[in-house]
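Worksheet: the structure to be examined is printed underneath.
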Amino acid sequence: MDPRARPYRSVLYIPGSNARALEKAKTLPVDAVIFDLEDAVSADEKTNARETLAQALKAGGYGARMKIVRINGLDTPWGRGDATAVARMGCDAILLPKVNAPEDLDALAEITGDIPLWAMMETPRGMLNAAAIAAHPKLHGMVMGTNDLAKELQTRYRPDRMPMMAGLGLCLLAAKAEGLVIVDGVYNAFKDVEGLAAECAQGRDMGFDGKTLIHPAQVEVANAAFAPTEREIDTSRRQIAAFEEAQAAGQGVAVVDGRIVENLHVVTAREILAKADAIAALSA
Ligand SMILES: CC(C)(COP(=O)(O)OP(=O)(O)OC[C@H]1O[C@@H](n2cnc3c(N)ncnc32)[C@H](O)[C@@H]1OP(=O)(O)O)[C@@H](O)C(=O)NCCC(=O)NCCSC(=O)C[C@H](O)C(=O)O
Ligand SMILES: [Mg+2]
């Protein structure tokens with residue numbers, strides 16, 4: 001199945017150690033959850049978090065939300081134990097942090113078998129190897145780790161994210177070339193709704209499928225930003241109808257709202273309508 005067939009507007013991190021947040025997620029309108037065993041969990045809590053998460057996933061209740069578990073890196077004291085345990089937890093995918101090269105995914109797949117893999121893209125080497133990482137046969141999705149990337153690049157925070165653009169662009173190109181899902185990085189100031197909305201709009205314009213989030217207050221903004229707008233839906237319908245009419249008349253081009261519509265625009269229009277349908281099905 002095409003990994004992009006489902007929506008990924010809102011992808012919420014939940015610390016695997018936080019039982020209350022694990023429960024809360026079942027009530028939130030998020031498209032996907034990243035159950036985190038890495039950065040959101042302190043070293044002292046790592047082993048307990050694995051057990052808390054196993055219990056939560058066993059109990060279920062996450063409905064149609066995509067269940068992704070972020071493990072610790074395989075070069076840490078917890079990574080291999082996480083991979084072995086998570087492979088038995090019934091999640092939908094395993095997310096490996098700080099992927100530098102496709103061999104990192106090979107090493108994980110040796111432990112986890114056929115479970116779909118996702119990669120955190122957050123190191124300079126990972127950016128440079130993005131195309132090779134995206135081509136890994138087990139990889140279904142990429143998640144931008146903009147905090148780690150900023151740290152490694154020694155950038156300053158800027159609302160326009162100019163220092164990030166080369167990395168974001170390389171990963172987007174790599175993901176799109178291989179038909180993978182790609183989700184944008186987190187917006188740290190979780191009470192700043194306007195700033196989040198601006199960054200979501202930028203990510204949507206660039207072609208990201210959605211945004212990773214750290215707090216429930218961010219969900220609504222991301223869901224709105226990454227869903228097709230009413231206007232896009234209306235235009236798509238009219239483009240498809242006009243193009244079909246033009247074709248029936250033996251023409252290869254139609255005009256809608258003063259713009260040409262060719263077959264390639266119809267492909268985009270159909271994708272927009274399919275995404276709107278998939279979102280409607282999730283909330284039904
Ligand atoms: C940032 C937080 C520590 C704030 O938590 P808290 O003080 O509990 O917030 P609130 O009191 O406002 O919470 C209100 C209710 O919402 C629940 N909650 C909070 N956060 C989450 C969440 N992430 N998922 C589900 N539910 C959540 C609270 O439990 C309250 O519930 P209730 O009382 O029942 O109403 C906290 O938000 C937090 O820990 N966020 C996640 C942080 C995290 O995961 N960080 C790691 C991922 S980011 C990263 O690593 C990016 C990447 O690697 C990179 O390099 O960029
Ligand atoms: Mg990170």
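Remember, it's 1-based here, ligands and their atoms both numbered in the order they're listed.
Here the closest non-hydrogen pair linking Met127 and Leu170 is O-CD1, 3.7 Å. Minimum heavy-atom separation, Lys26 to Arg65: O-NH2, 2.9 Å.
Between the side chains of Thr235 and Glu232, not a single donor N or O lies within less than 3.5 Å of an accepting N or O. No donor-acceptor contact under 3.5 angstrom links the side chains of Gln247 and Gln251, judged on distance only. A donor-acceptor pair shorter than 3.5 Å cannot be found between the side chains of Asn100 and Asn129.
Using a cutoff of 4.0 Å between basic side-chain nitrogens and carboxylate oxygens, Glu122 and Lys151 are not scored as salt-bridged. Taking a cutoff of 4.0 Å between a charged side-chain nitrogen and a carboxylate oxygen, Lys98 and Asp104 do not qualify as a salt bridge.
When heavy-atom distances to ligand 1 are checked against 4.0 Å, the residues falling inside are Leu12, Tyr13, Ile14, Pro15, Arg20, Ala21, Lys24, Asp36, Asp39, Ala40, Arg70, Met120, Glu122, Gly145, Thr146, Asn147, Asp148, Phe190, Ile214, His215, Pro216, ordered by chain and number.
Residues meeting the ring pair (Phe, Tyr, Trp, His ring centres under 6.0 Å) test with Phe190, sequence neighbours left out: His215.
Listed by chain and residue number, the protein N/O/S atoms under 2.8 Å of the Mg ion (ligand 2) are Glu122 OE1, Asp148 OD2, with waters left out.
Here Ile279 sits alone; no ILVMFWY side chain lies under 4.5 Å from its own, so it joins no hydrophobic cluster.
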